Structure formats: structure tokens, C-alpha cells
Amino acid sequence: MDADIRVRFAPSPTGHLHLGGVRTALFNWLFARHQGAKFILRIEDTDRSRSTEEYIHSILEGLSWLGLDWDEGPYRQTERSGIYRTYAEQLLAEGKAYYCYCSAEELEQKRIAAQKRGQPPKYDGTCRERNTPIPDRVPVIRFKTPQEGEVSFQDIIRGQVTVANSQLDDLILVRSDSTPTYNFVNVVDDITMAITHVIRGDDHLTNTSRQINLYMALGAPMPAFAHLPMILGPDKARLSKRHGAESILTYREKGYLPEALINYLVRLGWAYGDQEIFSKEELIELFELEKVNKAPAVFNQEKLLWLNNHYIKTGNINRMAELLEDQLKRKGSLNQDNQISLDTFPRVVKSLQERCKTLEEMAEAAEYFFKEEISYDAQAARKFLRPDIAPLLEELLRRLGQLTDFSEAAIQEVFSYILSQHTIKLVNIAQPVRVSLTGGTVSPGIYEVISIMGKEKVLGRLQKALEYIEGHEAATALGH
RNA sequence: GUCCCCAUCGUCUAGUGGCCUAGGACAUCGCCCUUUCACGGCGAAAACCGGGGUUCGACUCCCCGUGGGGACGCCA
């Protein structure tokens with residue numbers, strides 16, 4: 001346990017919290033909880049034009065939903081501008097930064113020209129030694145990156161990483177509108193917040209060398225770095241809008257469980273022998289940054305669904321029942337006037353949890369329990385609601401009507417009796433009954449369905465099926 | 001284009017020089033269970049990117065190639 005160890009998750013509210021961000025947050029959180037360290041949340045909102053309150057809200061909501069709780073923050077960079085100004089002035093005063101008067105257009109041209117020559121497209125240093133301002137131009141503040149030597153650091157996941165300073169840019173610290181930029185605020189914040197371990201996505205690996213130069217210029221102690229491999233889409237390109245980069249909260253809407261998401265995400269780049277299922281407690285116990293993979297991982301929906309199904313099957317019934325109710329409400333399948341007894345939802349969950357991969361799917365599969373009217377699947381009706389079955393349905397209707405105990409056992413007895421009287425197999429009557437009650441050919445066990453649905457609804461639907469068969473028979477007789 | 005990083009079944013991965021005729025999981029296929037669909041059980045197919053080294057011995061170490069990813073913004 002070490003409370004002096006401090007990590008942070010620093011999302012930018014220029015978009016929703018997506019899978020990649022969650023994975024970064026999760027690894028930070030697991031590392032912190034494993035170490036007994038502090039987990040800090042920092043909102044990197046220096047891009048004022050693209051940051052929104054809505055995204056901030058969605059990020060906090062997403063983390064809370066997943067149970068990734070933070071110990072400090074959320075800090076917001078827009079509230080810390082004074083701190084950045086002080087540090088920028090310090091660098092300026094020490095000659096470690098300078099005003100640059102080059103315009104955006106000029107810089108763009110220089111970049112293209114450099115690339116054409118086969119050189120790294122970095123700033124050419126025009127204003128590096130300038131000491132007189134250019135009138136009518138508002139300058140930016142640039143960092144004087146060392147021109148000689150190289151930067152080298154030991155990444156916890158990657159090992160030794162080395163970059164020549166000649167490759168590095170004199171990066172902009174403060175924009176002409178006097179707001180600070182990412183590489184600058186990120187370093188200043190990590191210094192002032194005493195962050196000891198910077199755990200972030202691989203896409204920041206090349207930023208690290210630039211930032212290390214900044215740490216050195218500011219005379220600050222260096223944190224440890226750990227760069228997580230990226231999550232790729234099925235096309236092996238970085239996660240994009242098309243697959244997986246939508247808000248994590250849409251996973252909640254689609255009926256995914258937080259524990260499934262966490263279990264899935266942690267296995268992207270981390271493993272503990274052959275174990276696939278991990279509780280949060282186990283993860284906190286077992287997780288180690290040193291064992292994180294270097295290679296990027298492709299996101300696989302199927303496996304997430306498998307895990308989600310696992311947690312639906314093993315989860316607390318009452319909790320699942322509540323989530324199912326939410327889903328049904330969202331779908332508009334629950335009318336106000338529906339008379340649903342309290343124990344119906346848990347019973348529905350029990351009957352469906354083996355066969356549903358998401359709660360949304362479960363809500364779809366459970367609709368016929370709650371809707372007033374059902375409609376028949378055309379093919380199913382054609383195949384199973386035929387005239388020859390009508391006498392059996394009638395008898396079933398009569399005998400079920402006589403039951404006072406509507407338990408599965410009692411219902412099974414009724415079926416057994418009818419089966420023995422007519423020497424038919426269960427399958428011959430089960431499917432027609434299934435279609436009559438659910439509208440389709442797929443459902444939980446038929447006794448279970450009947451018992452859960454309740455006497456009133458069952459009798460009504462059997463009656464309706466008989467009418468349907470009769471109507472069809474008449475139509476067929478007329479030559480239709 | 002320049003630089004950085006990476007490389008085991010379709011996918012996630014185990015593997016840290018001999019235990020590997022390479023293990024597990026998802027997905028796929030077959031069989032069994034079964035009132036439908038699932039679940040479950042059993043089984044099959046499926047990989048060490050290529051070439052050089054190092055070594056008695058390489059999936060494991062080194063080099064080159066190839067492939068993939070990332071960065072190169074007054075975005076983060």
C-alpha cells in the first residue's frame with residue numbers, strides 16, 4: 001500500500017468516453033487499487049472550441065456506471081490557467097522558451113517543403129534567436145527543444161525507448177490566443193499533481209520524448225511511463241466511429257453489464273494464465289502493468305457477448321429483473337395498465353438468462369409476456385396453427401381452465417394426460433402451443449412459459465389461436 | 001516522406017532456451033442431451049510472418065527483410 005503513488009486518467013471532453021478511453025481508465029484504476037495508490041481524474045479541456053459540458057457529463061457518467069471511482073478531481077484545466085502562465089513565464093525568463101511570430105500558413109508551407117526534402121516536418125526554428133517582435137503579429141510561445149543528443153526512457157510496458165532530439169519539434173506551449181496546449185498543460189499538471197506513473201495509450205508514445213525534455217527544462221522529477229497498446233477495429237485500424245468508438249453509455253443502453261465490459265477490456269492486452277473470468281476483486285489482486293502486452297489488440301464483439309451472457313447467467317436475479325424492466329420500458333413494451341405481479345420479472349429472467357447475450361435481447365425475447373396483443377410469425381403460424389391441431393388446443397384450453405394451481409408441475413400433468421390419451425409426442429403439441437402463446441417458435445420451456453404467463457393470458461391466447469385456425473379454415477374452404 | 005513501436009490459431013491470449021507432436025478462450029464445424037431455441041457435455045479443424053545468425057538445442061536471444069500500428073497541428 002502506497003498512498004504516495006498517484007496516477008491519473010485525463011480524458012479530453014471533445015468526444016464521448018469510448019472503449020479505448022475506458023480501457024485506459026481501467027488500467028489506471030486497477031494499478032491504483034492494486035497499489036493502494038491515488039487515482040485522479042483530470043479533464044483536459046484546453047481546446048475550448050471542441051470541449052463541451054455534455055461530453056464531460058457523459059465521461060463522468062460512464063466511469064461511474066463502470067464503477068471506476070476516482071479519489072481526486074475531476075480537475076479541469078480551464079480552471080488552472082494561472083498555473084500554466086507562471087510556468088510559461090518561467091521558461092521564457094530562463095531562455096528555455098521563445099516567442100514565435102510565424103503564421104499558421106507559413107508553418108504549413110514549411111512542413112510540406114520539409115517532407116518533400118525527406119526531412120521530418122518539424123518547425124525550422126526561424127524565430128528561435130529572434131529578439132525583436134514583428135509588428136501586427138500575435139506570437140505563440142515555443143519550447144526550445146534541445147537540438148543535440150537523444151531522449152531515452154524506460155517504459156514499464158515497452159522497455160527502453162529512444163528518440164533523437166533532432167527528430168523533435170520546438171513545440172508550441174501557448175497559443176496566440178494565450179491558451180496553453182496539450183503537451184504543456186499535460187506536463188505541468190502531472191508535475192503539480194505529483195503524478196508518479198503516467199499510464200496512457202500508445203498514441204502518446206512519441207509525445208513522451210518531447211514531454212521529457214519539458215520535465216527536464218522545468219527541473220521536475222520524472223514520472224514512470226507505461227504505454228498501453230491500442231485497441232483496433234475488426235479492420236485492424238484504430239477504433240473508429242463505425243465500430244466501437246461510440247459512447248460507452250450506448251453499451252448500457254444495449255443491455256451490456258459493466259462487469260462484462262471490464263472483464264472483456266482487461267483481457268485485451270493482459271492475461272493471467274488461462275483464466276478468462278475475473279471479478280473486480282480478483283483483478284485488483286492480480287493486475288500488474290509489467291504483464292501488459294505490447295501488441296495492439298483487435299476488438300471482438302463475439303467474445304464480449306459471450307462474457308455478457310456469462311454475467312447475465314450468473315448475476316443476481318433481482319438486479320437482472322430491474323435491468324430487464326428498464327429495457328422493457330425503453331422499448332415501450334410495458335403499458336401502465338399492465339397488471340404484472342412482482343415476481344414475474346425474476347421468473348422471466350430465470351427463464352431467459354441462459355439464452356440471451358444482452359438485456360436488450362432479453363427484453364425482445366420477453367415481450368410476449370407483457371404485451372396485450374401478440375402477432376404470429378407468418379411462417380410459424382402456417383406451419384403449426386393448422387386445423388388438425390385445433391381439437392388438442394381445445395382440450396388443453398379446457399383442462400388448463402380447470403386448474404387452480406398454475407405451477408409448472410400441474411401444467412406438466414395436464415400435458416402428460418393429453419399426450420397419453422392421444423398417443424402423440426410432446427413436440428407435436430408443444431410447438432403449436434408455443435406459437436399460440438408467444439407468436440413464434442422459440443421460447444423457454446413450454447410449461448415454464450405457461451406458468452409465468454399466467455392463466456388469464458394463456459387461456460385468452462389459446463382461444464385466439466383457435467379462432468385464427470377456424471378463420472383460416474373457412475378462408476381455405478372458400479378457395480383462398 | 002521522417003521517426004517511434006509491434007509481430008503465436010480468424011480473434012483475444014498462455015508460453016520467458018529443452019516441459020511444445022505449441023495450451024486455454026471466443027467464433028466455426030460435428031456428435032450427444034433435448035418439446036423449440038439456447039445452455040451444457042464430448043470431439044474436430046485452426047497459429048509460432050520470412051531469411052540469416054547465436055546455441056548441443058530455438059516460439060523463446062541477436063540482425064535484416066516483410067507486414068501492421070502510432071506520431072509528425074496554434075487537437076488531445
Side-chain angles (χ1 to χ4, degrees), chain A residues 10-15 44-47 49-51 77 100 102-104 107-108 111 114-122 138-142 155 157-159 161-164 166-169 171-183 185-186 200-210 227 229-230 232 234 236-238 264 267-277 293-307 309 313 352-357 365 380 384 415 419 425-431 433-435 438 440-447:
Chain A
S12 152
T14 53
E44 308 221 327
D45 56 354
T46 53
D47 183 350
S49 57
R50 294 198 300 147
S51 298
Q77 293 179 325
C100 169
C102 297
S103 72
L107 294 172
E108 182 60 25
R111 263 194 294 274
Q115 269 199 32
K116 272 192 182 151
R117 275 171 298 170
Q119 288 171 345
K122 58 169 199 167
V138 187
V140 299
I141 300 175
R142 276 188 193 273
D155 190 282
I157 294 168
R158 300 314 168 102
V161 178
T162 306
V163 179
S166 60
Q167 290 296 325
L168 269 24
D169 219 348
L171 41 89
I172 293 176
L173 267 22
V174 181
R175 302 182 183 98
S176 49
D177 68 357
S178 79
T179 58
T181 61
Y182 164 76
N183 276 302
V185 289
N186 194 269
R200 75 225 306 193
D202 209 356
D203 46 340
H204 291 288
L205 192 59
T206 46
N207 280 328
T208 307
S209 0
R210 303 160 207 279
H227 287 92
M230 302 266 86
L232 273 28
K236 300 229 176 183
R238 199 178 164 161
Y264 178 71
R267 287 285 287 98
L268 250 34
W270 180 85
Y272 186 74
D274 285 338
Q275 189 171 341
E276 295 287 348
I277 306 293
N293 256 177
K294 300 174 186 182
V298 174
F299 176 77
N300 182 226
Q301 180 87 3
E302 299 295 332
K303 190 152 185 182
L304 206 209
L305 284 168
W306 173 75
L307 277 165
N309 173 249
K313 280 191 293 196
L352 252 19
Q353 60 187 358
E354 299 267 279
R355 54 200 90 215
C356 296
K357 293 189 194 300
F384 294 109
F415 272 78
L419 258 35
K425 284 187 177 171
L426 179 58
V427 66
N428 295 320
I429 187 167
Q431 282 302 71
V433 172
R434 181 169 278 119
V435 175
T438 72
T441 55
V442 175
S443 87
I446 196 67
Y447 310 136

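Since the model is a prediction, treat every value here as computed from it, not as a measurement. Sequence lines set the chain letters: A, B, ... in the order given, protein chains first and strands last, and positions in each chain run from 1.
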*Kindly point out which of B/rA27, B/rG73, B/rU13 is positioned nearest to the side chain of A/Ile172?*
B/rG73
_Closest listed nucleotide, where the reference is the side chain of A/Asp274 and the choices are B/rA14, B/rC5, B/rC26_ = B/rA14
*Could you please name the option among B/rC5, B/rU13, B/rA76 that lies closest to any side-chain atom of A/Tyr182?*
B/rA76
*Indicate, with a heavy-atom threshold strictly under 4.0 Å, whether A/Thr208 touches base, sugar-phosphate, or nothing.*
nothing
*Have a look at A/Asn207 and say if it touches a base, only the backbone sugar-phosphate, or nothing, with a 4.0 Å heavy-atom cut-off.*
base
*Does a side-chain N or O from A/Lys313 land closer than 4.0 Å to OP1 or OP2 of B/rG40, or not?*
yes
*Pick the C1' atom in B/rC26 and in B/rA45, then give their distance to the nearest Å.*
15 Å
*Return yes if some donor-acceptor pair links the side-chain N/O of A/Tyr264 with the main-chain N/O of A/Asn300 below 3.5 Å, else return no.*
yes
_Classify A/His204 by what it touches in the nucleic acid, base, sugar-phosphate, or nothing, heavy-atom distance under 4.0 Å._
base
*Between B/rC4, B/rC3, B/rG73, which one does the side chain of A/Asp169 approach most closely?*
B/rG73
_Determine whether A/Asn186 and A/Asn207 satisfy the following criterion, side chain to side chain contact (heavy atoms under 4.5 Å, CB included), listing intermediate values before the conclusion._
CA-CA 11 Å; A/Asn186 194 269; A/Asn207 280 328; over 6 Å; no
*asked:* So, OP1 or OP2 of B/rC4: does either fall under 4.0 Å of a side-chain N or O from A/Thr162?
replied: no
*Mind checking the P distance from B/rG24 to B/rA47? Whole angstroms is fine.*
14 Å
*So, is A/Lys236 near the phosphate of B/rU11, with a side-chain N or O under 4.0 Å from OP1 or OP2?*
yes
_Checking A/Asn183 against A/Thr181: is there a side-chain donor and acceptor pair closer than 3.5 Å?_
no
*Could you tell me whether A/Pro444 contacts a base, only the sugar-phosphate backbone, or nothing, with contacts defined as non-hydrogen atoms closer than 4.0 Å?*
base
*asked:* Any base atoms under 4.0 Å from A/Glu302, or only sugar-phosphate, or nothing? Heavy atoms, all strands.
replied: sugar-phosphate
*Find the distance A/Tyr264:OH to B/rA27:C1' and express it as a whole number of Å.*
12 Å
*Write down the partner of B/rA58 under the Watson-Crick or G-U wobble criteria, each distance required to be under 3.5 Å.*
none
*Looking across every strand, which nucleic acid part, if any, lies under 4.0 Å from A/Val442 by heavy atom: base, sugar-phosphate, or nothing?*
base
*How far does the P atom of B/rU28 sit from the matching atom of B/rG10, given to the nearest Å?*
16 Å
*What nucleic acid atoms does A/Gly445 come within less than 4.0 Å of, heavy atoms only: base, sugar-phosphate, or nothing?*
base
*asked:* Closest approach to the side chain of A/Asn293, judged atom by atom: which nucleotide of B/rC12, B/rC6, B/rU13 is it?
replied: B/rU13
*Could you measure between the two C1' atoms, the one in B/rU60 and the one in B/rA22, and give it in whole Å?*
12 Å
*Which nucleotide in the list B/rU35, B/rA38, B/rC12 gets nearest to the side chain of A/Ala430?*
B/rU35
*With rounding to whole Å, what would you report as the distance between B/rA14 and B/rC33 at their P atoms?*
38 Å
*asked:* B/rA76, OP1 or OP2 - any side-chain N/O from A/Arg50 closer than 4.0 Å?
replied: no
_Distance check needed: B/rG1 C1' versus A/Lys116 NZ, whole Å only._
12 Å
_With nearest nucleotide decided by heavy atoms, which residue, A/Pro229 or A/Val140, maps closer to the 5′ end of RNA chain B?_
A/Pro229
*Counting any heavy atom closer than 4.0 Å, what does A/Arg210 reach on the DNA or RNA strands: base, sugar-phosphate only, or nothing?*
sugar-phosphate
*Tell me which nucleotide among B/rU13, B/rC5, B/rG1 gets nearest to the side chain of A/Ala297.*
B/rU13
*asked:* When both hydrogen-bonding distances must be under 3.5 Å and the geometry is Watson-Crick or G-U wobble, what is B/rA76 paired with, if anything?
replied: none
_A/Arg200-A/Thr208 side chain donor-acceptor pair, cut-off 3.5 Å_ = yes
*Expressed as a whole number of Å, how far does the C1' atom of B/rU21 sit from that of B/rC59?*
15 Å
*Can a side chain N or O of A/Lys303 be found less than 4.0 Å away from OP1 or OP2 on B/rC26?*
no
*Give A/Thr14 one of three labels, base, sugar-phosphate or nothing, depending on what nucleic acid heavy atoms sit under 4.0 Å from its own.*
nothing
*Check: A/Ser176 side chain, B/rC74 base, donor-acceptor under 3.5 Å*: yes
_Need to verify one output field. Residue with the more 5' nearest nucleotide on RNA chain B, A/Arg158 or A/Glu44?_
A/Arg158
*Sort out the partner of B/rU21 for me: Watson-Crick or G-U wobble, both distances under 3.5 Å, none otherwise.*
none
_What is the distance, to the nearest angstrom, from the CG atom on A/Leu171 to the C1' atom on B/rC72?_
12 Å
_Rounded distance (Å) that lies between atom P of B/rU35 and atom CD1 of A/Ile446_ = 13 Å
*Classify the nucleic acid contact of A/Thr206 as base, sugar-phosphate or nothing, counting any heavy atom under 4.0 Å across all strands shown.*
base
*What about A/Gln275, does its side chain sit under 3.5 Å from the base of B/rG24 through a donor-acceptor pair?*
no
*Measure from the side chain of A/Arg238, starting at C-beta and using heavy atoms only, and say which of B/rA25, B/rA71, B/rU11 lies closest.*
B/rA71
_Residue A/Asp203, side-chain atoms from C-beta onward, closest of B/rC4, B/rU36, B/rG70_ = B/rG70
*Side-chain donor or acceptor of A/Arg355 under 3.5 Å from a matching atom on the base of B/rC37?*
yes
_Options B/rU13, B/rC3, B/rU35, nucleotide nearest the side-chain atoms of A/Arg434_ = B/rU35
*Name the nucleic acid region contacted by A/Thr179, choosing base, sugar-phosphate or nothing; use a 4.0 angstrom heavy-atom cut-off, strictly under.*
nothing
*Name the nucleic acid region contacted by A/Tyr447, choosing base, sugar-phosphate or nothing; use a 4.0 angstrom heavy-atom cut-off, strictly under.*
base
